[in-house]
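Encoded as structure tokens, the structure appears first; notes follow it.
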Amino acid sequence: MPLLCEVAVPVPLARAFSYEVPPALAASVRPGARVLVEFGRKKVLGVVLATSEGAAPEGVRLKPIAAVVDPEPVLPPELLSFLRELSSYYFAPIGEVLRLALPAVEREDVRALEAQGELPGTLSRVKQVGGRKIAYARPTDAVEEPGVLRGQAASVLALLRSNGEMPIARLEEKFGNARAAVKKLASLGLVVTEEREPPRDAFFARPEPRDEPPVLNEAQSAAEARIEEALQGIGAQKSAAFLLFGVTGSGKTEVYLRAIAGCLARGRGAIVMVPEIALTPQLVARFRARFGDDLAVLHSGLSEADRHAMWKRVRTGAVRVAIGARSAIFAPVANLGLILVDEEHDGSFKQEEGVRYHARDMALLRAHRASAVAVLGSATPSLESVHLVRQGKLVELRLPDRAHREATLPEVTTVDLRRIGAGPTGNKLISLPLHRALEKTLAAGEQAILFLNRRGFAPSVVCESCGHVATCLACSVALTFHRARGGRMRCHYCDWEGPMPAACSECRAPALALEGLGTERLEETIAEAFPTARVARLDRDVADGAKAEAILAKMRAGEIDVLVGTQMVTKGHDLGNVTLVGVLNADAALSLPDFRASERGFQLLVQVAGRAGRRDRPGRVLIQTRNPEQPAVQFAKRHDVSAFLEHELADRAEVGYPPFSRLALFRVDALDEEVARRAAGVIAAHAKTSPEGQSRVVEVLGPAAAPLARLRGRYRFRVLLRAKDRRALRAATAAAAAAIPEIDRRVRVVVDVDPVAML
DNA sequence: AGCACGCCGACT
DNA sequence: GTCGGCGTGCTC
């Protein structure tokens, strides 16, 4: 009997492929090791999933493994089996899942391998970390003569002038000829270039003095004791999972730190997951202060080489704590003992493209399989987690309010937009009470945050003559007017951008009006109404990543009086002297056509309200809404998270949505509407005729046009499967997914298991 | 996803 | 006559 082995190859195909193991390699072909194999006409790096004795399946000629790359498996067995399970749970190709877990160099540098003579263990072709220099280009104050610049040189200069200094490598991503263009610009004295060391990873830029663990309060001690107890049992094939439910400021982080310390003390490693936006130098500093610099911070700003270096340090156990956003769930932490998920309710734990996994759910799975402890923390837990507590699958640990919390709880008032009119600005969303509150706050020398989840200047451009709303040609959504660059219309879904037309495209009337309020206009209006106030804006248009941190830092330093912004303003902690928070339009989030709208809206309100007030000074929150009676608003007003959860759970139970049922969503899209509709019909038919569909154990809803019926030129349809029973849902989903290969190739079909965003 | 094979339009 | 468009089929 020949020795066969199953190999996952880096292609989006659902299955693995079998290869023959030459006798000489038999000893080194182990699950989790990478192998070089011929796949089609190409050589690719695959990962061994399993080996078996047996004969080739009928009608296939097995190819041999060309070489074994790793003498030791790159993936610990625990991680490998977790990845396989994830792949099957989400109906995601195993090759794609492995791609998430392996750094690029480990995954695809076949040429480098061959150049090295395919010697095992010599895959150290990784670029040297540190020492290398980066060339930057910076615009000077010189002004060019009109007309001398054309083509890329002009574009490069324009980009540099708007962005300031940029690495030339970055410019080359946009303009193939950037290097030549920069040279030309430099010869004209319009830019200067400079070679410098790359900036040190911002997370480790400053030394961080070690801290002394503070004394825990009673609730923290109790929580710590429970986690300790669980950690003690982890060697014994036991796992335990907790929901740490505590308001902001109740000391969740300190409990995390103790848990990690307890885990390390037992010689095991830990993964800490935080929402994308929360991974800031301040947060990392707290961990460094306790554990020193032996942390792997996995973030999107890492270069491929740095990422690879981190990954290796984690895998070998040189570093025992990995911290990052959702992809940290794939960290190859050796001897995993603990997974922490901070702000577990946060939407960013769900990956919304490619392999659509939920890192919080996968944290529970991986911890369980690794006999590790999982701790999910939140001030506003997800209904899923609360439900798990009720089922006894999670143990709730409560950190009740701070001792003096009553004194600092912000007073929340609602403003009924149906009855209360505009303030002096004339804008309905800047109501009189809000205007007065702003005046008061500014007069007292305090800061305010105004939250509005609409980017741009005006959310729609409307013809005053015929009422026609300008919509994107490729998407079924209204175009947003942006003030930047002389006023342009933009689609927030496909990023199309174009000039504002002089007349209505329907009736030709030259009477286009800018309707509604976006953050740009809000910023401008507030600045006009309060000329002495320093007003700043924080949204995706002005701030990506590092810039957001800079704006928040100015806020903390008191250099901003009024901060206007989208979701981004709800996340930053310790925002200085903020005593007023205004939610301009709570309904924007609460009335989305999504069964989770109320839950998400509530979380948002609680979070944004949490920005108001400090220990010494109570804050004030104004929530503007057309429906002040709605539960999310009412419970947020009373700061009663538990009661909201109770209420919302009852609602969900009644309508049979998660967590009282499970969902699988098929998203179907195609350029041609009929083609897409037909494909969705085929999927639905397969689901309905499956045994589970026929017996109605699984409900099949749809096919229906998606809420955004057209996006990026593609027509979208959906088929939703719903069931109480997980296994039945899985079977029906598999039956429907089996239809995909028969579907017209112009159609894209994605399966989203446990979907979060229903739009 | 790649990458081939394969059958129909505008060019030397 | 050929170069090349992307439809369709396969990859152990």
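Order of the sequence lines fixes the chain letters, A, B, ..., with proteins taken first and strands second; residue numbering starts at 1 for each chain. The basis for the numbers below is simple: all heavy atoms, side chains too, and nothing from hydrogens, waters or symmetry mates.
Checked against side chain to side chain donor-acceptor pair (under 3.5 Å), A:Q152 has no partners two or more places apart in sequence or in another chain. The side chain to side chain donor-acceptor pair (under 3.5 Å) test applied to A:R30 returns no partner, not counting sequence neighbours. Listed by chain and number, the residues in a salt bridge (charged side-chain N to carboxylate O under 4.0 Å, His left out) with A:R678 amount to none (sequence neighbours excluded).
Relative orientation of the A:Y357 and A:F330 rings is perpendicular, given thresholds of 30° and 60° on the angle between their planes.
To the nearest angstrom, P of B:dA1 lies 8 Å from CD of A:E96.
Contact annotation: the side chain of A:V751 approaches that of A:F666 to within less than 4.5 Å [non-hydrogen atoms, C-beta and beyond].
Chain A approaches DNA chain C over the interval C:dT8 to C:dC12, counting the first and last nucleotide 5' to 3' with an atom under 4.0 Å from its heavy atoms.
For the segment residues 16-24 of chain A, residues with any heavy atom less than 4.0 angstrom from an atom of DNA chain C are, sorted by number, A:F17, A:S18, A:Y19.
A salt bridge links A:R366 and A:E78; the closest N-O separation between the charged side-chain nitrogens and carboxylate oxygens is under 4.0 Å. Taking 4.0 Å as the cut-off between side-chain N and carboxylate O, A:E38 and A:K42 do not count as a salt-bridged pair. The existence of a salt bridge linking A:D594 and A:R600 is confirmed by a sub-4.0 Å separation between a basic side-chain nitrogen and an acidic carboxylate oxygen.
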Using the 3.5 Å cut-off, write out each protein N or O paired with an N or O of nucleotides 3-6 of chain B and the distance between them.
none

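A:Y90 does not carry A:R356 over the face of its six-membered ring by the limits of under 6.0 Å from the centre and within 45° of the normal.
At a threshold of 4.0 angstrom between heavy atoms, the contacts of A:L13 include nucleobase atoms, whether or not backbone atoms are also involved.
Taking all atoms of both residues into account, the shortest heavy-atom contact from A:P755 to A:L665 is CG-CB, 3.8 Å.
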